[in-house]
Amino acid sequence: ARARPLAFGLVGLKPWEFSELTMAEFAELVEGAREREERQRELAAWIVSHLMNSSGNMKQPVTMARLLGPEWTRRQIEADVKRKQDEEAK
């Protein structure tokens with residue numbers, strides 16, 4: 001029951017497209033849509049941080065991390081650690 005709102009809203013599928021997918025394919029589409037949304041949030045934060053900093057009204061520089069919060073920062077650190085581990089494994 002929760003899949004239909006995701007399919008029609010977040011992913012943007014038509015009903016007949018949704019009915020033709022396997023659950024694994026649908027899960028990959030949802031993951032991709034969430035990644036796309038996260039990239040859009042990051043881009044918006046990057047733009048806003050530059051606009052705020054260029055205004056000259058900020059006492060301290062505004063960063064993407066400050067705008068996106070500690071959860072985003074934690075995920076970035078985890079991704080960096082995984083990337084380094086993958087490089088070392090080569």
Side-chain angles (χ1 to χ4, degrees):
R2 288 187 43 178
R4 294 177 71 80
L6 284 175
F8 305 141
L10 178 66
V11 179
L13 295 173
K14 306 287 187 267
W16 59 89
E17 295 170 326
F18 176 64
S19 64
E20 293 177 3
L21 294 172
T22 66
M23 286 311 293
E25 291 169 332
F26 177 66
E28 289 177 350
L29 285 172
V30 169
E31 182 181 343
R34 287 188 170 145
E35 286 290 323
R36 187 171 46 254
E37 279 191 339
E38 183 64 22
R39 298 296 82 76
Q40 290 173 341
R41 278 186 68 228
E42 290 172 356
L43 177 60
W46 181 82
I47 291 169
V48 168
S49 69
H50 283 276
L51 287 171
M52 292 175 76
N53 291 327
S54 67
S55 74
N57 296 325
M58 305 307 297
K59 292 181 181 179
Q60 295 179 351
V62 176
T63 64
M64 279 180 54
R66 184 171 160 201
L67 293 172
L68 293 171
E71 180 64 23
W72 179 84
T73 303
R74 184 187 60 76
R75 285 195 313 268
Q76 291 304 112
I77 292 170
E78 289 173 355
D80 289 344
V81 168
K82 185 176 181 334
R83 193 175 313 115
K84 288 178 184 175
Q85 289 173 345
D86 291 346
E87 288 173 4
E88 291 172 359
K90 289 181 183 178

Exercise. Heavy-atom distance under 4.5 Å between the side chains of Val62 and Ser49, does that happen here?
Worked result: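 Yes. Closest side-chain heavy atoms under 4.5 Å.
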Any link between [X] and [Y] through a network of hydrophobic side chains (Ile, Leu, Val, Met, Phe, Trp, Tyr) touching at under 4.5 Å?
| X | Y | result |
| --- | --- | --- |
| Leu29 | Leu6 | yes |
| Leu67 | Ile77 | no |
| Trp16 | Leu21 | no |

For this session: Only one of Glu88, Lys90, Lys82 passes side-chain contact (heavy atoms from CB on, under 4.5 Å) with Asp86; say which it is.
Result: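 Among the candidates, only Lys82 passes.
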For this session: Can you spot which of Glu71, Glu42, Met64 makes a side-chain contact (heavy atoms from CB on, under 4.5 Å) with Gln76?
Result: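 Considering Glu71, Glu42, Met64, a side-chain contact (heavy atoms from CB on, under 4.5 Å) with Gln76 is found only for Glu42.
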If I take atom [atom1] from residue [X] and atom [atom2] from residue [Y], how far apart are they, to the nearest 0.5 angstrom?
| X | Y | atom1 | atom2 | answer |
| --- | --- | --- | --- | --- |
| Glu17 | Phe8 | CD | CZ | 9.5 Å |
| Arg4 | Phe26 | CZ | CZ | 10.0 Å |
| Gln60 | Met58 | CD | CE | 8.5 Å |
| Leu51 | Trp46 | CG | CH2 | 9.0 Å |
| Thr73 | Arg75 | OG1 | CZ | 9.0 Å |

For this session: Could you tell me whether Glu31 atom CD has more than 12 heavy atoms of other residues or ligands within 6.0 Å of it?
Result: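 Atom CD in Glu31 is not crowded, with 12 or fewer foreign heavy atoms closer than 6.0 Å.
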For this session: Tell me, yes or no, whether the heavy-atom count around Arg34 atom CZ, taken from other residues, nucleotides or ligands under 6.0 Å, exceeds 12.
Result: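 12 or below, so no.
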Problem set entry | Smallest separation among heavy atoms of Arg83 and Asp80, with atom names |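 Where Arg83 meets Asp80 most closely, the heavy atoms are NH1-OD1, 2.7 Å.
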Problem set entry | Least distance between heavy atoms, Phe18 atom then Ala3 atom |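 Closest approach of Phe18 to Ala3: CZ-CB, 3.9 Å.
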